[in-house]
Each structure stands twice: as C-alpha cells, then as structure tokens.
> 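Quick one: the structure is below, and I'll ask about it shortly.
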Amino acid sequence: MADIHVEEFYKDVAIALTQLYGAFPRRVNVFVEDIAGPDEPDEFGLHSKRHMACFGALLWLAEEGLLRYVDTIRQEALDQAVLTRHAFIRLSAPAPDTLAREFGVADGKATGALPPSIQEDLSTHIHLVRTALRSGNSARISQVMRAIFFADHSND
C-alpha cells in the first residue's frame with residue numbers, strides 16, 4: 001500500500017489536470033481549496049500540511065513541464081494556469097487498448113454501437129483520468145496517473 005501522501009498527490013494532480021483540460025486553452029486560476037478542500041490557516045497564518053502538499057503538487061506540475069502559470073496567489077492558487085503542449089497532447093491521446101481495458105473503458109462490443117467520435121473520446125487518457133476520479137478509488141487513481149504520466153514512455 002502506498003503512503004497516503006503519495007495517493008493524495010496523485011489525486012491532486014489528476015484533479016488539477018482535469019480542471020485545466022476542461023478549460024483549455026483558456027488560462028484559469030487553480031485554487032488549492034478546490035482540489036484539497038477548505039483550509040483555515042492557523043494563528044500564525046500557516047496552512048495545513050495537506051494544503052501545502054497540494055500547493056506543492058501544483059508547483060511540481062509546473063516544474064515538470066505539465067502546466068504553466070503567470071504567478072502564485074499567495075499559497076492559495078496558481079494565477080492564469082494552462083496545460084503545456086506536452087500535457088494536452090498526452091491527455092488527448094488515445095490510451096493503449098490494454099490500458100483502456102484495465103482501467104474501465106467499456107469493451108469494444110459495448111462501444112461499437114457508438115458514433116466514432118464518441119468512441120474516440122472514450123479511449124483518451126483524459127477519459128481514463130475522469131473515470132478513475134469518479135470511482136473515488138485512490139489506488140485506481142494512482143495507477144492511472146502513473147500509467148499515463150509517470151511510466152517510461154520511450155516515444156515521447
């Protein structure tokens with residue numbers, strides 16, 4: 001079983017990338033509270049470890065070239081964030097059949113009756129991320145995020 005902070009990292013990253021994909025190509029503010037939940041700073045104005053871990057995950061995404069932003073809004077949000085070309089292409093790309101089958105895309109018989117454009121949408125990486133988030137299963141979210149972004153992709 002993974003450490004809880006690593007599972008939270010994968011969930012935070014999945015939520016942030018899904019938000020940014022939904023707004024692409026517009027620049028939007030990404031608020032930590034929308035991802036990790038409400039947080040009340042303590043009497044010294046310091047945020048909780050959970051809040052700071054989520055904020056750190058957002059900064060890490062930028063450092064790794066998956067998103068860009070203009071500035072931070074204190075430790076509350078990223079100002080004018082947008083997916084990078086690399087992240088957009090990865091999320092929009094069709095997932096390999098084995099990955100799609102493993103993580104919840106319906107089998108070919110069930111999707112065969114759907115229009116080609118919908119079949120294509122159901123086969124993308126972003127669909128896998130959304131499906132994993134809807135499941136609420138931390139292990140599944142972690143597996144999907146590792147498979148999509150953090151596995152060795154020799155053709156990148």
Side-chain angles (χ1 to χ4, degrees), residues 1-39 47-106 111 117-156:
M1 182 173 170
D3 293 320
I4 189 75
H5 70 279
V6 175
E7 288 185 355
E8 288 174 343
F9 164 79
Y10 285 124
K11 184 176 180 184
D12 294 347
V13 166
I15 292 169
L17 293 172
T18 300
Q19 285 180 1
L20 290 167
Y21 187 88
F24 190 83
R26 289 181 297 117
R27 291 181 173 270
V28 295
N29 294 339
V30 179
F31 289 90
V32 173
E33 190 170 276
D34 292 344
I35 297 170
D39 183 64
H47 288 285
S48 68
K49 287 182 181 182
R50 175 70 187 102
H51 180 94
M52 293 308 297
C54 181
F55 185 68
L58 294 173
L59 295 176
W60 185 88
L61 284 171
E63 291 167 359
E64 294 301 316
L66 296 170
L67 67 83
R68 289 188 300 272
Y69 64 97
V70 172
D71 204 353
T72 59
I73 302 172
R74 296 176 302 281
Q75 294 174 325
E76 315 284 326
L78 298 183
D79 184 35
Q80 299 183 52
V82 66
L83 290 176
T84 61
R85 176 183 179 274
H86 170 73
F88 179 72
I89 289 171
R90 169 73 64 181
L91 289 169
S92 300
D97 288 340
T98 54
L99 188 62
R101 278 194 304 275
E102 182 178 356
F103 294 115
V105 173
T111 59
S117 62
I118 295 192
Q119 288 180 39
E120 186 176 322
D121 286 345
L122 293 177
S123 73
T124 61
H125 287 113
I126 189 64
H127 179 74
L128 292 180
V129 174
R130 288 174 177 153
T131 301
L133 285 171
R134 276 193 302 272
S135 79
N137 183 316
S138 295
R140 174 163 284 190
I141 294 166
S142 298
Q143 291 170 327
V144 167
M145 294 309 296
R146 280 194 309 271
I148 293 172
F149 281 102
F150 307 118
D152 180 30
H153 298 283
S154 56
N155 60 353
D156 285 349

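Below, all heavy atoms of this structure are taken into account, side chains as well, without hydrogens, waters or symmetry copies.
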> Over all heavy atoms of both residues, which pair between V82 and P25 is shortest? Give the atoms and the distance, please.
CG2-O, 3.7 Å
> Salt bridge (charged side-chain N to carboxylate O under 4.0 Å, His left out): which pairs involve residues 50-78, sequence neighbours left out?
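Qualifying pairs, neighbours excluded: E8-R50, D12-R50.
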> What distance separates I148 CD1 from M145 CE, expressed to the nearest 0.5 Å?
6.0 Å
> Suppose we screen for ring pair (Phe, Tyr, Trp, His ring centres under 6.0 Å). Which residues come up paired with F55, at least two apart in sequence or across chains?
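For F55 there are no ring pair (Phe, Tyr, Trp, His ring centres under 6.0 Å) partners, ignoring immediate neighbours.
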> Run the side chain to side chain contact (heavy atoms under 4.5 Å, CB included) test against A62 and tell me which residues pass, sequence neighbours left out.
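A62: side chain to side chain contact (heavy atoms under 4.5 Å, CB included) contacts with L67, Y69.
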> Which pairs pass salt bridge (charged side-chain N to carboxylate O under 4.0 Å, His left out) with one or both residues in residues 126-135, sequence neighbours excluded?
none
> Would you say that L17 contacts V13 through its side chain, given a criterion of any heavy-atom pair below 4.5 Å between the two side chains?
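Yes, side chains in contact.
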> With a 4.5 Å cut-off on side-chain heavy atoms, are L58 and I35 touching?
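Side chain of I35 against side chain of L58, heavy atoms only: contact under 4.5 Å found.
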> Checking S92 now: which residues fulfil side chain to side chain donor-acceptor pair (under 3.5 Å) with it, not counting sequence neighbours?
Y21
> Of all heavy-atom pairs between H125 and P94, which one has the smallest distance, and what is that distance?
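Taking H125 first and P94 second, the nearest heavy atoms are CE1-O, 3.7 Å.
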> My understanding is that only residues two or more places apart in sequence, or in another chain, count here; which of them pass ring pair (Phe, Tyr, Trp, His ring centres under 6.0 Å) with F24?
F88
> Looking at L20 and A81, what are the two nearest heavy atoms and their distance?
CD2-O, 3.6 Å
> Among residues at least two apart in sequence or on other chains, which ones pass side chain to side chain donor-acceptor pair (under 3.5 Å) with T72?
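Once residues adjacent in sequence are excluded, T72 has no partner under the side chain to side chain donor-acceptor pair (under 3.5 Å) criterion.
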> Rounded to the nearest 0.5 Å, what separation is found between the CG atom of L91 and the CG atom of L83?
6.0 Å
> Do any N or O atoms from the side chain of H51 and from the backbone of Q75 form a donor-acceptor pair under 3.5 angstrom?
yes
> If you look at every heavy atom in G65 and T84, which pair is closest and at what distance?
O-OG1, 2.6 Å
> What residues, two or more places apart in sequence or in another chain, satisfy side chain to side chain contact (heavy atoms under 4.5 Å, CB included) together with L133?
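Checked L133 against side chain to side chain contact (heavy atoms under 4.5 Å, CB included); matches are K11, A14, I15, T18, V129, I141.
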> Can you name the residues that form a side chain to side chain contact (heavy atoms under 4.5 Å, CB included) with A23, not counting sequence neighbours?
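In terms of side chain to side chain contact (heavy atoms under 4.5 Å, CB included), with neighbours along the sequence ignored, A23 is linked to R26, V28.
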> So which atom in S135 and which in R140 form the shortest heavy-atom distance, rounded to 0.1 Å?
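Looking at all heavy atoms of both residues, the closest pair is OG-CD, 3.9 Å.
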